[in-house]
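Reckoned from all heavy atoms, side chains included, excluding hydrogens, waters and symmetry mates. Labels below follow one simple rule: chain letters A, B, ... track the order of the sequence lines, proteins then strands, and each chain is numbered from 1.
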Amino acid sequence: MIVLLPVLWPIAAGAAVLAYTGIGNSKKKASAGSPASGETAADRASGSDASGTGSGAVAGSAFGHSRITALDLIYMAALALETVLVIMAAAGGGSVRLFSLTDTLTLGLRVDGTGSLFAVLTSVMWLLTGIHSVAYMKHEEWAERFYGFYLIVVGVLVGLDYAADLVTLYVFYELMTLTSLPLVLHELTKEAVQAGMKYLFYSVGGAFLALFGIFYLANVCGDLSFTAGGRFTAEMAAGAPLLLTAVFCMIVGFGTKAGMFPLHGWLPIAHPVAPAPASAVLSGVITKAGVMALVRIIYFLVGPDVLRGTWVQAAWMVLTLLTVFMGSMLAYRENVFKKRLAYSTVSQVSYVLFGLSLMNPIGFTGALTHVVFHSAIKTCLFLFAGAVIVVTSWKKVDQLRGLGRVMPLALAAYTMASLALIGIPPFSGFVSKWYLATGSLASGTGALGFIGPVVLLISALLTAGYLLPIMIRGYFPGQDFDGKEIEERGLAKKEPSLLMLVPIVILAAATLLLGCFPGPLVAFVEKIAALVM
Amino acid sequence: MSPTLMLNLEEEVSMVLFGVGFTMLLLHRNLIKKIMGMNIMDTAVYLFLAAKGYIEGRGVPIMTDGVQDASAYINPVPSGLVLTGIVVSVSTTALMLALTIRLYERYHSLDLDRILISMKMEEEEQL
Amino acid sequence: MSFVQNFPFFSIIIAMFSGIVSSVLSGKKARAVSITAITVTTVLSACVLAFCLRTGQSYTYMMGHFPAPWGNEIRAGVLEGLTAVLFGVVMFLSVVGGLHYTEEDVEPSKQNLFYIMIDLMLSSLLALIYTNDLFTAYVFVEINTIAGCGLIMMSQTGRSLTAAIRYMVMSSLGSGLFLIGLSLLYDVTGQLLMSPAKEAVARIVADGSYQIPLLVIVAVVSVGLAIKSGLFPFHYWIPDTYGYATPTASAVLSGLVSKGYIFLLIKFFYRVIGTENAVHSHIINALFVFGVAGMMFGSLRAIMQTDTRKMIAYSSVAQIGYIYMGIGLGTQAGMIAAIFHIFSHGATKALLFISCVGLYKASGDRTDFLALRGSGYRNRLAGAGFLIGALSMVGFPMLAGFISKLLFATSAFASPHKMLITLIALAVSTVLNAIYFLRLLIGLYRPTKSGSFAEMEQAEQSGRGGTAGSGFAAPAANPWTMRIAIVCFIILNLILGLFSQPIVRAITDGLAMFG
Amino acid sequence: MYDRLLAVPVFLPIVAGVALLAMNGWIRKEKRERTMQWLVEALVLVNSLLVAWLIAGCGGRSGSLVLFRLYGQLTVMFRMDRMGSFFAGLVAFLWPLATLYAFEYMEHDERRPAFFAFYTISYGVTLGVALAGNLVTMYVFYEMLTFATFPLVMHPMTTEAARATRQYLYYSIGGAAFAFIGLVTVLAYSAIGTTGFVPGGMIDPAAAAEHRNLLLFVYVLAFFGFGVKAAVFPLHDWLPKAAVAPTPVTALLHAVAVVKSGAFAVLRFTYFSFGTEILRGTWAQWIVMAAALVTITYASTMAVKEVHFKRRLAYSTISNLSYILFGASMMSPLGLAAALIHLLAHAFMKISAFFCAGAVMHHTGKNYIYELDGMGYRMPVTFACFTISSLSLMGIPLFAGFISKWSLCEAALSLGSEMSGGAGGAVGQVLPYIGVAVILYSALMTGIYMLSVVVRAYFPGFVQQVKEAVAGGSARKAAAVGAEAGITAAGAGAAAVIGAAHGQNDVGIKKEGNQDPSWLMLLPLVIFAVAIVAVGIHAGPVLRFLALIGGEAG
């Protein structure tokens with residue numbers, strides 16, 4: 001029964017926040033509501049500048065974090081409780097049957113190794129980003145709506161991770177798309193809504209493509225609950241002519257959320273448009289939901305032995321490598337900072353998918369470890385981007401000259417995270433890339449097995465190409481840089497508020513810590529790999 | 001073929017006449033000619049019927065000198081039919097002639113097509 | 001020889017006699033005489049029908065006890081009795097329905113002439129139904145033609161005169177062919193009475209002589225009667241004649257006259273040639289093809305019309321096509337369907353013509369669609385009459401049209417190779433019927449462009465009292481005679497629709513004893 | 001005892017409607033419209049209760065009542081078997097709510113008595129189609145339905161309405177004419193002499209064997225004949241044009257009664273008259289299935305293009321109806337059960353969508369999608385229900401739409417595997433899978449054309465729009481209310497209700513912009529939304545009942 005709590009609690013809390021804010025707002029206004037939010041709203045109404053949050057942000061941050069409202073505290077407490085519940089559920093284990101849609105279709109939750117790994121990762125990332133979002137949301141409108149939906153999405157994600165069978169997973173997958181939509185189009189500008197619609201229709205399209213596979217599997221083997229190592233025996237697979245096509249449809253369908261090649265168009269458009277904490281969560285965690293779905297189908301339903309060596313595996317490897325290379329190439333040439341990070345997400349998540357497509361224990365370990373490391377790193381990078389926007393409202397990469405003078409500590413954290421992402425040894429990225437490369441070589445898929453590591457290395461080089469220049473230009477802006485603009489706006493030595501800085505630093509420290517002592521995490525993942533393969 | 005052709009001379013003549021009458025009635029535009037065609041057609045039929053009643057070597061079925069035996073006369077039934085037919089043709093012809101007069105008074109022409117055209121023009125004026 | 005067996009002869013003579021007598025009477029009295037004549041003949045026919053049903057077989061009535069080659073005969077059976085009754089009812093209602101408007105259209109001096117024509121028409125129809133002798137049939141065909149021409153001419157408009165002359169020309173063509181057919185038959189069989197002629201024909205067919213003359217006889221007679229009843233290729237005189245005569249005349253002409261000739265043709269097939277020989281002679285297939293073509297062509301032309309009277313006339317061409325298709329199927333079931341359609345079309349078409357007159361009067365005597373818009377409200381009863389008539393034509397369940405459509409479809413299955421054509425033709429022509437009838441029906445119940453709907457309403461209510469708001473002078477209320485006629489026609493239609501079972505059984509028995 | 005009462009629910013509304021027509025003038029003169037409306041609602045309610053009681057009473061044992069003998073052995077007969085009671089129950093449940101909705105919608109219409117008269121008559125006639133015991137009765141009521149509903153389409157009395165009516169009549173009569181051929185063939189070849197409905201079909205096998213191709217050709221003709229009312233592809237054009245009629249008409253007739261009786265007639269004809277043995281695996285089945293699939297793709301693509309709100313919903317109806325026909329064309333018990341569940345689900349989804357469209361049109365006079373910016377705030381409850389019905393239409397789990405899509409695809413795949421043995425020839429092996437692909441494609445299209453309305457309602461294109469939409473009220477509050485009432489989390493039902501309750505009493509919204517219609521319109525909407533979620537979450541019992549019908553007739 002404990003499994004149900006982490007799923008229901010945030011959804012209920014989110015719904016309560018949304019319902020409460022509706023009423024709360026009018027009351028708050030009556031009781032001399034907090035000047036800041038009232039004032040910023042008025043200021044915005046009068047403010048005429050085009051960039052919307054730009055000038056408003058300057059005035060807001062001046063107050064620092066003295067304006068934490070009661071709602072913010074409840075919000076952070078809810079997130080903390082959620083993390084605790086998830087960890088307890090992971091420890092407690094057990095399973096629960098929610099309700100039965102029809103006699104054959106029943107929704108249920110069950111705790112297992114991969115499920116708890118993803119759930120804990122999600123809740124921790126959610127907590128840190130939540131803390132950051134409290135400060136960030138001071139400069140946005142409709143913060144309460146953001147908090148509400150932010151809580152609901154984490155509940156849905158934990159539900160997805162702990163799903164006992166494919167139908168429950170599909171239910172939570174669809175709900176995740178719908179509930180994360182308000183996060184994407186939070187600012188209600190024209191391009192935000194356009195991007196939101198694109199995000200919605202791509203994800204729904206991918207989901208329906210995957211649904212074809214689900215229908216087919218349901219027809220072939222009736223009960224869709226997950227069992228380690230997959231339920232399909234050789235002769236069952238022989239009996240179903242279209243099984244491989246169905247699995248491929250599911251790979252491409254669920255791959256949409258992970259930004260895999262054919263249906264990745266929405267990611268670089270949707271992420272930058274969302275507010276920074278939302279895009280951090282979108283890139284860092286929600287893409288992992290797509291990965292989770294694929295792990296469940298390949299390793300817990302169809303079984304790797306059935307797919308190993310088939311055209312599906314080969315096609316999948318080609319697609320992932322193509323995305324890895326294309327993502328980093330596009331990121332390299334992108335000038336808008338958040339768009340660059342979005343392209344980097346496209347390529348990094350395909351690292352994970354490439355690991356999964358190898359279908360051997362080493363590759364599997366590399367993939368799961370990269371899931372953990374990438375979500376930590378990418379969340380840190382996006383939070384840093386958020387902090388930069390809040391403090392200096394600079395969006396373009398070439399504006400970021402002399403950032404070292406403005407926020408040296410934050411930039412240091414950024415450097416550690418980007419080094420980890422590139423895969424420099426003491427940092428965590430190196431561990432997962434190591435397992436991925438060795439897994440690919442040992443996967444026995446002939447030429448593709450060798451091309452894999454080559455593409456990974458080229459992409460690592462490109463990652464350095466698009467992340468490090470920001471650090472270099474930040475600390476060493478070069479001779480002709482006069483820093484006039486920083487003085488005028490009094491930005492020198494103005495670190496982002498504490499609430500923003502702490503999560504960034506924690507995440508940067510985590511990348512270093514996991515890099516040095518990956519032992520326990522890798523052992524945990526290898527135990528799952530042994531179970532599954 | 002030729003011997004029987006010579007034998008039924010009356011039938012052939014009446015058939016030819018019927019064809020003439022029929023086409024006259026159908027194709028001619030002048031109303032009077034149509035009526036004449038109709039009469040030709042009817043007379044052709046009556047010729048045919050009369051010829052059917054004739055038996056070689058027998059007299060007219062009028063009892064003049066007290067002869068009672070049926071074999072002396074030709075078959076009277078077709079003649080009876082011809083009489084009724086003539087009455088019918090006369091009445092139809094009378095009616096069509098009356099109609100033609102009425103049309104002539106109104107449209108001053110005997111040509112059926114011209115009558116139709118003038119009738120349509122007359123109707124447009126009324127609307 | 002019970003007394004009832006004289007009734008067929010009596011009814012013909014009464015109708016003839018009343019026609020002769022009313023030539024000296026004034027309009028009003030002539031009308032009374034004619035209406036009584038119609039009622040009496042219908043009652044007599046009903047007695048004959050009852051008698052035949054009771055005895056269960058038909059009987060022949062030799063005029064003056066003269067035997068076969070010379071004498072003249074009348075044959076009455078269940079089918080003849082039923083047809084006579086229904087024709088009588090339709091004629092009675094048409095005359096009563098159109099009473100008021102006949103007075104308006106025809107000059108006072110010529111009123112009695114109109115009723116003479118009606119009586120002659122009645123007697124010739126009854127004769128065509130009952131006669132068993134071919135030459136008598138020819139004589140009454142001619143009387144029918146002359147009476148019909150008289151009825152057409154009665155309204156003295158330019159168009160009706162030209163229609164009359166064209167009608168006379170075509171009819172005399174038809175009767176000429178019929179006459180030559182009779183003479184050839186007399187030549188070949190030596191008989192003019194139908195029953196002996198049948199044995200003679202059977203003997204001839206048995207020993208295989210005279211094949212070609214027989215074929216010619218059947219062809220000539222069929223074409224002759226087809227011309228007279230307005231089958232497809234010879235139908236161009238129908239729109240003017242049916243459309244522009246007085247309401248009674250057009251109802252009688254379209255409803256009964258063409259049906260009389262078809263009934264004679266059926267009698268000719270059954271009683272003289274014998275159905276198997278007729279089918280064998282492939283003339284039946286020709287009739288079938290012309291019938292189907294007529295259905296399609298009639299409906300298509302009707303769609304193109306903008307004048308209501310012409311539209312309804314063209315729809316008669318289509319319905320006659322239905323009947324000939326039924327006969328053309330060549331099976332017993334096909335014949336039953338054809339005969340039932342004779343009755344149902346007769347009743348429905350007469351209803352349509354009579355109720356249309358009410359609509360014309362409510363739209364300032366104009367007959368095109370635009371004028372009729374909204375007339376359904378201005379003249380409620382006429383609108384309802386037209387509604388029932390149109391629905392029956394389209395084959396709406398519970399009405400006569402549906403049953404005849406059902407009979408045609410079930411009969412189609414009896415003749416395999418014609419089945420598909422019949423079914424498709426039925427479906428397509430129902431759609432075509434729907435198109436032009438319902439288009440008008442919608443027009444009837446739409447408010448005129450000029451006034452909004454509310455204004456239309458007062459116009460209709462105030463119409464009773466003073467001048468109407470919406471452009472058309474509100475009509476004087478429907479004459480009570482017309483109201484009764486429309487209501488009776490609707491009831492007749494419903495009877496044919498709902499209680500068709502006894503009628504169909506009567507037709508089947510009639511056909512069995514018809515041969 | 002129940003048998004004798006079978007005819008009452010059919011003829012009570014018809015008689016009442018005719019009486020109402022007769023009193024038309026009197027009612028309008030004495031301004032008695034109000035009382036007349038409540039009288040009509042009471043009558044409809046009584047009739048529905050009677051139907052419910054009969055369904056409960058008859059239960060499995062299907063009593064029958066012969067009304068009168070039309071011709072020969074063709075009798076007008078009512079019978080309450082499971083399938084009949086299912087459709088009758090659905091119609092009886094929806095009609096009172098639709099009448100309630102029609103009260104407010106037709107408030108200031110000048111010809112209300114005539115409208116409600118024909119509205120009630122078509123209720124009786126639809127029940128006639130549902131309870132028909134044999135093919136002739138169903139055909140008779142099927143044809144009378146056209147004539148009962150065409151005055152309703154004509155109601156606005158504009159030239160456009162007249163043109164739409166004319167087209168509606170021609171298509172329906174044409175369809176009925178071709179269906180008539182089917183009726184007659186069944187009569188000619190029936191094993192039991194009459195056209196009574198026999199689960200599993202009643203054409204006698206001997207005749208079927210020798211006239212095989214003819215029977216198949218006639219089946220295809222009859223399918224398109226009955227299919228006209230179910231808006232199959234080539235003959236669908238009348239439905240979007242009929243959107244010109246007032247909303248209660250388009251909602252009830254063109255989303256539920258008329259089109260559903262078309263689909264129901266096809267199901268009855270296929271499974272209870274013609275029988276599936278003759279048709280399974282034959283070229284006729286593939287033609288019919290292909291027609292359904294073409295309609296689904298065509299209509300859902302057209303719906304995306306359509307800008308007029310109600311015409312878009314009309315196109316969506318066309319594509320969803322062909323889901324039912326696709327289920328019917330599977331000729332298997334699973335196919336029939338799937339078709340019936342979609343019939344039920346679509347009825348609820350579409351009628352609530354149309355009612356929302358009607359509410360928007362009635363209160364704000366907006367007909368086109370691009371005018372709907374920010375409507376989510378003005379009419380929170382209406383758009384909450386609209387969101388639920390569009391999510392369900394898309395096939396999002398936890399809603400009824402998902403269940404019906406699931407069972408349809410399940411049936412298609414089982415047919416596919418069954419046909420893989422080559423029984424149905426090459427086409428037979430491929431078509432079911434294409435079918436599943438088409439259903440998913442059209443689900444995506446439904447997502448696009450429905451959610452674009454929802455997103456436009458709650459997240460209008462630019463910020464100013466929101467301000468002006470709420471006319472000065474604080475943007476923050478209105479948006480929060482709207483958003484939370486709109487796209488809701490897993491507890492969709494709960495949030496919607498909170499939103500609804502909340503939307504009502506929040507003083508801030510009330511005076512400025514809330515144009516939610518009165519409870520008369522909202523009650524049906526909320527009931528439908530709750531029904532959709534209920535069936536979505538727990539469809540077990542409904543599916544078991546339908547599987548019974550499927551198994552019996554399959």
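Between chain C and the residues B:K120, B:M38, B:R102, the most heavy-atom pairs under 4.5 angstrom are made by B:R102. Between chain C and the options B:E123, B:K34, B:M15, heavy-atom pairs under 4.5 Å are most frequent for B:E123.
Using a 4.5 Å cut-off between heavy atoms, B:L112 contacts chain C through its side chain alone, with no backbone atom that close. Contacts between B:L81 and chain C at a heavy-atom distance below 4.5 Å involve backbone atoms as well as side-chain atoms. For B:F18, the part sitting under 4.5 Å from any heavy atom of chain C is the side chain, from C-beta outward, and nothing else. Contact annotation for C:L184: both backbone and side-chain heavy atoms come within less than 4.5 Å of a heavy atom of chain B. The contact between B:L103 and chain C is made entirely by side chain atoms (from C-beta outward), counting heavy-atom distances below 4.5 Å. With a threshold of 4.5 angstrom between heavy atoms, C:T157 approaches chain B through N, CA, C or O but not through any side-chain atom.
Summarising the geometry, atom OG1 belonging to C:T162 is positioned 12.0 Å from atom CD1 belonging to B:I117; distances are rounded to the nearest 0.5 Å. Rounded to the nearest 0.5 Å, atoms CG (C:D240) and CE (B:M119) are 6.0 Å apart. Separating the CD1 atom in B:I115 from the CG atom in C:L161 is a distance of 10.0 Å, to the nearest 0.5 Å. With rounding to the nearest 0.5 Å, the separation of CE in B:M96 from OG in C:S172 is 5.0 Å. For the atom pair B:L31 CG and C:M168 CE, the distance stands at 12.0 Å (nearest 0.5 Å).
In B:R58, the CZ atom is crowded: over 12 heavy atoms of neighbouring residues, nucleotides or ligands sit closer than 6.0 Å. The local environment of CZ in C:F290 is sparse, with at most 12 non-hydrogen atoms from other residues, nucleotides or ligands closer than 6.0 Å. With a 6.0 Å radius and a threshold of 12 heavy atoms from other residues, nucleotides or ligands, C:F17 has its CZ atom at or below the threshold. For CG of B:L83, the number of neighbouring non-hydrogen atoms (other residues, nucleotides, ligands) closer than 6.0 Å is greater than 12. At most 12 non-hydrogen atoms from other residues, nucleotides or ligands lie less than 6.0 angstrom from OH of C:Y210.
Using a 4.5 Å heavy-atom cutoff, the side chains of B:F48 and C:D187 are in contact. Looking only at side-chain heavy atoms (C-beta outward), B:F22 and C:I180 stay at 4.5 Å or farther from each other. For the pair B:L116/C:R166, a side-chain contact is recorded, criterion being any heavy-atom separation below 4.5 Å from C-beta on. Taking 4.5 Å as the limit, every side-chain heavy atom of B:T92 sits out of range of all side-chain heavy atoms of C:S175.
Considering every non-hydrogen atom in both C:G158 and B:Y107, the closest pair reads CA-OH, 3.0 Å.
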